[in-house]
Amino acid sequence: MRVGLGKDIHILKKGYDLTLGGTKIPFKKGLVSYSDGDCLIHSVIDAILGALNLGDIGQNFPDNDPKYKGISSLTLLEYTKKFLDDSKYKISNIDCFISCEKPKLKDYINEMKINISKVLGIELDQISIKAGTNEKMGYIGKNKAIECESIVLLEDK
């Protein structure tokens, strides 16, 4: 068994799309990033890479490489799945937490789980996604950023 932890945070700004878990969410601000800014998927990728001892998202998909400019994070997750497929491990479960003041995400969580399960080839009940506010504290509480944390448990194939 292997455990991996991932965390990502992006600034919220007008003029950008808000994509979390591969789901476009209607909101007046979006996440600033070299890719599509999907900090939920980025945290899942980092958790998987960490569990496989393969570094982090920046080492594997650098933000100074033009081929990753504006790329869908679901595509990066597909690339990460190849690392997993080449290993002796498979996903047991993934647990994620999204910290944001707004927008409310409960209506989008199931779609996020579906997107992740399709790319990783796992069941919906192997993915937990929760969301909560930061009680108006810090960058997240002031609606200036969204932060996501994920943990993954890998087991032998």
Side-chain angles (χ1 to χ4, degrees), residues 1-13 16-25 30-100 105 108-134 137-140 144-157:
M1 271 191 212
R2 307 280 304 236
V3 175
L5 176 66
K7 175 188 164 294
D8 196 36
I9 186 169
H10 286 285
I11 294 169
L12 277 167
K13 188 174 180 182
Y16 291 83
D17 291 330
L18 177 57
T19 303
L20 290 169
T23 300
K24 281 203 173 186
I25 298 166
L31 296 169
V32 179
S33 177
Y34 194 72
S35 67
D36 64 2
D38 190 332
C39 58
L40 176 60
I41 298 296
H42 295 176
S43 71
V44 171
I45 290 169
D46 263 345
I48 293 168
L49 292 172
L52 293 172
N53 197 22
L54 293 176
D56 63 23
I57 192 169
Q59 290 171 299
N60 287 277
F61 313 111
D63 65 4
N64 59 2
D65 188 331
K67 70 182 171 187
Y68 300 122
K69 176 79 174 150
I71 194 168
S72 165
S73 295
L74 288 175
T75 301
L76 296 177
L77 187 61
E78 287 175 14
Y79 297 163
T80 304
K81 184 179 184 312
K82 291 177 186 172
F83 295 135
L84 190 59
D85 291 344
D86 292 341
S87 78
K88 62 180 184 175
Y89 300 102
K90 65 180 181 177
I91 293 174
S92 176
N93 71 296
I94 301 171
D95 190 24
C96 309
F97 191 87
I98 305 167
S99 295
C100 69
L105 299 174
Y108 304 100
I109 287 177
N110 196 56
E111 184 178 338
M112 293 177 201
K113 289 173 65 171
I114 290 168
N115 294 337
I116 294 168
S117 72
K118 282 181 183 177
V119 172
L120 294 177
I122 60 177
E123 299 297 320
L124 287 177
D125 68 357
Q126 291 176 270
I127 305 165
S128 171
I129 301 174
K130 302 167 297 294
T133 70
N134 215 40
M137 294 184 290
Y139 287 110
I140 295 161
K144 293 182 178 182
I146 293 179
E147 181 177 51
C148 298
E149 296 183 51
S150 297
I151 189 165
V152 63
L153 177 63
L154 302 182
E155 60 186 354
D156 293 333
K157 289 183 184 173

*Rounded to the nearest 0.5 Å, how far apart are CG of Leu124 and NZ of Lys118?*
9.5 Å
_As an exercise, state the distance from CG of Asp36 to CG of Leu18, rounded to the nearest 0.5 Å._
10.5 Å
*When you look at NZ of Lys88, are more than 12 heavy atoms from neighbouring residues, nucleotides or ligands closer to it than 6.0 Å?*
no
*Do the side chains of Ile98 and Met112 get nearer than 4.5 Å, heavy atoms only?*
yes
_Heavy-atom side-chain proximity of Leu154 to Leu84 below 4.5 angstrom_ = yes
*asked:* Restricting to non-hydrogen atoms, name the atom on Val152 and the atom on Ala51 that form the minimum distance, rounded to 0.1 Å.
replied: CG1-CB, 4.0 Å
*asked:* I need the minimum non-hydrogen distance between Gly22 and Asp38, along with the two atoms involved.
replied: N-OD2, 2.7 Å
*asked:* In the structure I gave you, are the side-chain heavy atoms of Thr19 and Lys24 within less than 4.5 Å of one another anywhere?
replied: yes
*Phe61 vs Tyr79 aromatic rings, parallel, tilted or perpendicular, using cut-offs 30° and 60°?*
tilted
*Of the options Ser73, Cys39, Ser150, which is the one that meets Asp8 in a side-chain contact (heavy atoms from CB on, under 4.5 Å)?*
Cys39
*Might you work through the side-chain contact (heavy atoms from CB on, under 4.5 Å) test for Ile94 and Ile122, ending with a clear yes or no?*
CA-CA 10 Å; Ile94 301 171; Ile122 60 177; 4.1 Å; yes
*Ile9 atom CD1: more than 12 heavy-atom contacts under 6.0 Å*: yes
*asked:* Minimum heavy-atom separation for Ser35 and Ile71, please, with both atom names.
replied: CB-O, 3.4 Å
_Within 6.0 Å of NZ in Lys13, more than 12 heavy atoms from elsewhere_ = no
*List the atom of Ile91, the atom of Glu155, and the distance in Å for their closest heavy-atom pair.*
O-OE2, 4.3 Å
*Can you tell if the side chain of Ile41 reaches within under 4.5 Å of the side chain of Ile45, non-hydrogen atoms only?*
yes
*Any side-chain heavy atom of Leu31 within less than 4.5 Å of one from Leu20?*
yes
*asked:* To the closest 0.5 Å, what do you measure between CD1 (Ile48) and CG (Leu5)?
replied: 12.5 Å
*In terms of heavy-atom contacts, does CD of Glu123 have more than 12 from other residues, nucleotides or ligands at under 6.0 Å?*
no
*Evaluate the side-chain contact (heavy atoms from CB on, under 4.5 Å) criterion for residues Asn93 and Ile127: first the C-alpha distance (whole Å), next the side-chain angles of each, then the deciding distance (0.1 Å), finally the verdict.*
CA-CA 6 Å; Asn93 71 296; Ile127 305 165; over 6 Å; no
_As an exercise, state the distance from OG of Ser43 to CD of Glu147, rounded to the nearest 0.5 Å._
9.5 Å
_Shortest non-hydrogen contact from Tyr68 toward Leu76_ = CD2-CD2, 3.8 Å
*Run the numbers on Tyr89 and Leu52 for side-chain contact (heavy atoms from CB on, under 4.5 Å), then give the verdict.*
CA-CA 8 Å; Tyr89 300 102; Leu52 293 172; 4.0 Å; yes
_Checking Gln59 against Leu54 for the side-chain contact (heavy atoms from CB on, under 4.5 Å) test, could you report, in this order, the C-alpha distance in whole Å, the side-chain angles of both residues, the deciding distance, and whether it holds?_
CA-CA 9 Å; Gln59 290 171 299; Leu54 293 176; over 6 Å; no
*For Arg2 against Asn53, the heavy-atom pair lying closest together*: NH2-CB, 3.6 Å
*Is there a donor-acceptor pair under 3.5 Å between the side chain of Lys7 and the backbone N or O of Asp46?*
no
*Kindly say whether Tyr108 contributes a backbone atom to a donor-acceptor pair with the side chain of Glu111 at under 3.5 angstrom?*
no
*Will you find, in the side chains of His42 and Ser33, an N or O donor that is under 3.5 Å from an N or O acceptor?*
no
*Using a 4.5 Å cut-off on heavy atoms from C-beta on, say whether the side chain of Leu105 contacts that of Ile129.*
no
*asked:* Within this structure, what is the SG-CD distance for the pair Cys96 and Glu149, rounded to the nearest 0.5 Å?
replied: 10.5 Å
_Check this for me, if you would: do Lys81 and Asp85 make a salt bridge, where the nitrogen-to-carboxylate-oxygen distance has to be below 4.0 angstrom?_
yes
_Tell me whether Tyr139 at atom OH has more than 12 heavy atoms from other residues, nucleotides or ligands lying less than 6.0 Å away._
no
